Amino acid sequence: MKLNIAILPGDGIGPEVIAEAVKVLKAIAIEFEHTFNFNYGIIGAAAIEKTQNPLPEETIELCKNSDAVLFGAIGDTAYDIDPNAKIRPEQGLLGIRKALELHTNIRPVVAYDDLLNKSSLKVKQIKGANIVIYRELTGGIYFGEKKLSKDGNTASDVCEYHRYEIERIAHAAFKAAESRKQKLTLVDKANVLESSRLWRRVVQDIAQHYPKVALDYMFIDNAAMELIINPKQFDVILTENMFGDILSEEASVIVGSIGLLASSSIGDKYAMFEPIHGAYSKAKNKGIANPIASILSAAMLLDHFNLFDEATLIRDAVDKSLNLHITTPDLNTKYDNISTSKVGDFIEDFINNPEETNLNFTNIHLGQSTII
């Protein structure tokens, strides 16, 4: 298969983790005789520095002329500490989601057996947890009308949803639930918010088309608590934009590191794949950023094009890296010199040598990451 993939490294650790995902995709292309063309664009703070625009038109056109987009991270501490900044890196991310109409965000959360002791939660609570969060991505409070009074003392953000926005992601979530454990939990705040009451009415209507799927409801405050107390009760979580953002970040506690959580953002025509973590500017260029979420996002990209064997091989390689403690410092207490690039090297080598199981630690320490 031939794919043209737009690469948006972004800010902070984005370029570092994206480099490892591209490295892995190149290995997959060789192993399975595909042709992947990578074309780079700028977004976020990197784009502001060059163009004064967090989302240049050239970047939008690059993405629209590609088969898929692989995105790194966005943000910069210089903007985080300035609430009065009119141009912000995050506008680039929100803008590309809107420009490509990426309305359905899918975030898997899996508790890896080899990392159960890395979570601050009890092993018995998280062992076997396997959740996927369906987050609506182009509506709600992030995109609603924003107002600030002339005196600067009153502000508002409108949370607005239309029936069609809820319908399209609800259908996707129900279909996913049908192929999993046939359970869907709608997370909202219907006891307070009118927008949430619309979500309930629409989802109830759509549920009639999926009789095999058990539909449950949970308020966001309770869901945030239950996700920690008993995450195994969840299968597919369906929710609106801001709630999904919060819950998926919280879910990183289950897996032990936010550096493991990948995502796909799907629209009717375009698709983008990205780790859910931020730019983590403090770690920039230190070689400590975990690239696994970005690499797993690349696996989700392959899934999108029905390249399931290729995606499975990447996930097998990730499993092996976790099993052998070939991970960055956020997860690794056994070795102190496994860098971002060494994790990528190991996963690349596994793809090239999938039948081998023993690691040459001498070469790992030399930075070669060779399996023998």
Side-chain angles (χ1 to χ4, degrees), residues 5-6 8 60 63-64 66-71 74 93-110 130-144 159-180 182-188 195-196 198-207 209-210 213 215 220 223 234-249 251 261-276 293 296-306 308 311:
I5 303 173
L8 306 183
I60 297 175
C63 295
K64 288 185 174 180
S66 301
D67 297 301
V69 181
L70 192 61
F71 174 80
I74 208 163
L93 180 54
L94 294 177
I96 197 65
R97 289 171 178 171
K98 201 69 172 179
L100 303 182
E101 298 182 18
L102 305 174
H103 49 71
T104 297
N105 184 241
I106 305 167
R107 299 187 168 189
V109 180
V110 179
N130 188 329
I131 306 164
V132 61
I133 299 172
Y134 273 69
R135 168 194 174 192
E136 201 288 323
L137 202 59
T138 56
I141 199 167
Y142 290 172
F143 290 95
C159 181
E160 183 175 83
Y161 270 106
H162 301 278
R163 172 175 281 269
Y164 76 91
E165 293 176 308
I166 303 168
E167 287 177 336
R168 60 192 179 189
I169 189 171
H171 278 295
F174 272 107
K175 288 175 183 176
E178 278 188 323
S179 64
R180 290 170 55 93
Q182 301 182 337
K183 180 181 179 181
L184 186 148
T185 303
L186 173 63
V187 174
D188 59 26
S195 57
S196 284
L198 176 62
W199 270 82
R200 286 216 179 187
R201 289 195 297 272
V202 174
V203 171
Q204 286 172 352
D205 290 343
I206 291 174
H209 301 284
Y210 303 90
V213 177
L215 175 60
I220 178 61
F234 297 106
D235 181 27
V236 176
I237 293 176
L238 170 63
T239 192
E240 59 99 69
N241 203 339
M242 185 170 68
F243 296 163
D245 192 3
I246 294 169
L247 287 179
S248 53
E249 296 274 342
L261 294 183
S263 78
S264 61
S265 300
I266 309 298
D268 296 336
K269 188 175 181 180
Y270 305 105
M272 185 167 77
F273 304 86
E274 61 180 294
I276 80 162
L296 290 175
S297 296
M300 295 185 78
L301 184 155
L302 297 174
D303 284 331
H304 183 69
F305 293 100
N306 297 321
F308 300 121

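All values derive from a computational prediction rather than experimental measurement.
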Could you tell me which non-hydrogen atom of S248 sits nearest to which non-hydrogen atom of I276, and how far apart they are?
-> O-CD1, 3.5 Å
Spacing of CE belonging to M272 relative to OG belonging to S264, to within rounding of 0.5 Å = 10.5 Å
Would L238 and V187 count as a side-chain contact (heavy atoms from CB on, under 4.5 Å) if you check the C-alpha gap in whole Å, the side-chain angles of each, and the deciding distance to 0.1 Å?
-> CA-CA 6 Å; L238 170 63; V187 174; over 6 Å; no
Closest heavy-atom contact between A68 and L301?
-> CB-CD1, 3.9 Å
Qualifying residues under ring-ring contact (aromatic ring centres under 6.0 Å, His included), relative to Y161, sequence neighbours excluded | W199
Which residues pass the side-chain contact (heavy atoms from CB on, under 4.5 Å) test with Q182, sequence neighbours left out?
-> K212
At what distance, to the nearest 0.5 angstrom, does CZ of F234 lie from CG of L247?
-> 8.0 Å
Given the rule in the side-chain contact (heavy atoms from CB on, under 4.5 Å) test, do E274 and L93 qualify, once you have shown the distances and angles that lead to the verdict?
-> CA-CA 11 Å; E274 61 180 294; L93 180 54; 4.2 Å; yes
Electrostatic pair R200:D205 at N-O distance under 4.0 angstrom = no
Listed by chain and number, what are the side chain to side chain donor-acceptor pair (under 3.5 Å) partners of H171, not counting sequence neighbours?
-> Y210
What closest approach, in Å, do V132 and I106 show between heavy atoms, and which atom pair accounts for it?
-> CG2-CG2, 3.5 Å
Sequence-distant partners of Y270, side chain to side chain donor-acceptor pair (under 3.5 Å), two or more places apart = none
Using the test salt bridge (charged side-chain N to carboxylate O under 4.0 Å, His left out), find all partners of R135 that sit at least two apart in sequence or belong to another chain.
-> D245
Who passes ring-ring contact (aromatic ring centres under 6.0 Å, His included) against F243, sequence neighbours left out?
-> none
Atom of P108, atom of L261 and distance for their closest heavy-atom approach | O-CD2, 3.6 Å
Donor-acceptor pair, S297 side chain versus A262 backbone, under 3.5 Å?
-> no
All side chain to side chain donor-acceptor pair (under 3.5 Å) counterparts of Q204, not counting sequence neighbours = Y217
Hey, are the side chains of D235 and I131 touching, using non-hydrogen atoms and a 4.5 Å cut-off?
-> no
Say you draw a straight line from OH of Y134 to OG1 of T185; how long is it, rounded to the nearest 0.5 Å?
-> 14.0 Å
Excluding sequence neighbours, so at least two apart, what forms side-chain contact (heavy atoms from CB on, under 4.5 Å) with A177?
-> L184, V213, V236
With sequence neighbours left out, the residues meeting side-chain contact (heavy atoms from CB on, under 4.5 Å) with N130 are V110, R180
Salt bridge (charged side-chain N to carboxylate O under 4.0 Å, His left out) with E101: which residues, sequence neighbours excluded?
-> none
Excluding sequence neighbours, so at least two apart, what forms side chain to side chain donor-acceptor pair (under 3.5 Å) with T239?
-> none
Shortest non-hydrogen pair, D303 vs A311, comes out as OD1-CB, 3.1 Å
Sequence-distant partners of H103, side-chain contact (heavy atoms from CB on, under 4.5 Å), two or more places apart | E136, T138, R168, D268
Taking the side chain from E249 and the backbone from I246, do they hold a donor-acceptor pair closer than 3.5 Å?
-> no
What one should report as the nearest heavy-atom pair of C63 and L100 is CB-CD1, 4.0 Å
What is the distance from atom CD1 of I169 to atom CG of L137, rounded to the nearest 0.5 Å?
-> 8.0 Å
Decide yes or no for M242 and Y142: does some side-chain heavy atom of the first lie under 4.5 Å from some side-chain heavy atom of the second?
-> yes
Atom pair CG/CG of L94 and L102 - distance to nearest 0.5 Å = 11.5 Å
Taking atom CD1 of I133 and atom CG of N105, what is their separation to the nearest 0.5 Å?
-> 9.0 Å
Would you please test I96 and I60 for side-chain contact (heavy atoms from CB on, under 4.5 Å) and show each step?
-> CA-CA 7 Å; I96 197 65; I60 297 175; 4.3 Å; yes
Passes side-chain contact (heavy atoms from CB on, under 4.5 Å), E240 versus S195? Steps please.
-> CA-CA 10 Å; E240 59 99 69; S195 57; 5.6 Å; no
